[in-house]
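Structure first, commentary second.
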Amino acid sequence: MYLLELGGEDDAFAAREAASGAADVRRIAPGLAVATAIDPDRIRGLAYTHRASELLGRTDADLMSARALLETAPIDRKGTVAVRATDVHGSSGVSTERAERELGQILVNRGFAVDLDDPDHVLRATFSEGVIEAGGRLEADEATGALFKPADADGAQSIGESVSVCALGWLAAESVRDFGTRAPTDKPFFQPGSMDPLLARAVANVAGARPGATILDPMCGTGGVLVEAGLVGADVVGTDAQAKMVAGARENLQYFLESDEPSPTGVARGSWHVGRGDGTRLPLVDDAVDGVVFDAPYGRQSKIETHRLEDLVSGALAEARRVAPRAVVVADRSWASEARAAGWELEAAFERRVHRSLTRYVLVLERRSV
Ligand SMILES: C[S@@+](CC[C@H](N)C(=O)[O-])C[C@H]1O[C@@H](n2cnc3c(N)ncnc32)[C@H](O)[C@@H]1O
């Protein structure tokens, strides 16, 4: 069993992204989840998970319980150790300094030498208390397809449950936190409306970006999603209706995916191709790619060329279904019924508040079999 430390503001969405690199992800407390297996390469490329650790055990969020757990837990490791503690959102009130000291002492008593600078093993001690929130997760009405916020309590998902958790685990993989180096305004080509790299990485991961997979963004804009998908090893394909965007996306992809520096996530960067095209008439054969991601124009800010926005999104959804079995759509409105009409099944939906007047919807779509 593994412990996942989630980041970002929405644990529900973070857990959904984590499922692209871990099996049977289940939230256990604010900011914490467990999984039955992980792929360390994939964990390194996650946006909203910071760390995965081999779970040593779980108890209540207080130091006495944590000490008792560590004193008796079976440990089959050799080498030096360090304890690093965290109190998620300051929720448990446990002093992390004291936790590190006292849990470290227990490891010393059990025969380990401490090396704070370069330990062979890091023990993560995570404390979290509070209610497991529904977050931005949405459900669809079966009859109409309309999205709604689920009830505050959901036994199966532990939503609404009040919990107090301390989880101890040996650090197994950490995600690479270099997103700040790809802020949209710092890229070689920038346009307003570019997606921030954290959300872009998360949606790329949910769409299936990984070595060996091909990801398409039919309305790629500045190439924000494609850059993130390429950095986790996917081969990426983009189209955009505007020549200016095509040239700009090429500039960004060349800069980030053809770098001579070793790839930060440890996997080779994917190949890329970008061309001018209409997302409703893609120059691709059926089933050409593994996943599609697109950030639909918001009407007010993106040029929509010759289409009405509704026709554009419906057309792009139909084309996406023709070329891929899975899609992730980001937009300023739901588009869930248009997705259904285009032959997609809604696997999950989330709303993300960007600021007071902008909520983004993220739809995760699976091709409906006919
Ligand atoms: C919201 S932006 C995408 C932003 C992008 N995710 C990024 O990070 O830069 C939407 C893009 O759709 C493009 N677009 C509009 N109509 C299109 C069409 N029919 N086919 C392809 N692209 C289109 C616009 O040129 C714009 O670049």
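Computation of the quantities below employed the complete heavy-atom set of this structure, encompassing side-chain atoms and omitting hydrogens, waters and symmetry-equivalent molecules. For ligands, and for the atoms within them, numbers begin at 1 and follow the listed sequence. By convention here, the first residue in the shown sequence is residue 1.
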Using a 4.5 Å cut-off on heavy atoms from C-beta on, say whether the side chain of [Y] contacts that of [X].
X: I215; Y: V293; result: yes
X: T214; Y: V236; result: no
X: L198; Y: Y48; result: yes
X: V329; Y: L317; result: yes
X: L346; Y: L363; result: yes

Mind checking whether [X] has an N or O less than 3.5 Å away from an N or O of ligand 1?
X: V225; result: no
X: D217; result: no
X: M245; result: no
X: T222; result: yes
X: A241; result: yes

How does C220 reach ligand 1, if at all, at less than 4.0 Å between non-hydrogen atoms: by side chain, backbone, both, or neither?
backbone
P184 contact mode with ligand 1 (heavy-atom cut-off under 4.0 Å)
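P184 to ligand 1: no contact under 4.0 Å from either part.
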Hey, which atoms in ligand 1 end up nearer than 4.0 Å to a heavy atom of [X]?
X: P218; answer: 21 (C), 22 (N)
X: D278; answer: 18 (C), 19 (N), 20 (N)
X: G221; answer: 9 (O), 27 (O)
X: M195; answer: 7 (C), 8 (O)
X: Q242; answer: 24 (C), 25 (O)
X: G224; answer: 8 (O)

With the threshold set at under 4.0 angstrom, would you say [X] reaches ligand 1 through any of its heavy atoms?
X: L312; answer: yes
X: G277; answer: yes
X: D240; answer: yes

Give a yes or no on whether a salt bridge exists between [X] and [Y], defined as a side-chain N under 4.0 angstrom from a carboxylate O.
X: R340; Y: E345; value: no
X: E5; Y: R124; value: yes
X: E258; Y: R269; value: no
X: K149; Y: E351; value: yes

Residues D24 and T36: side-chain donor-acceptor under 3.5 angstrom
yes
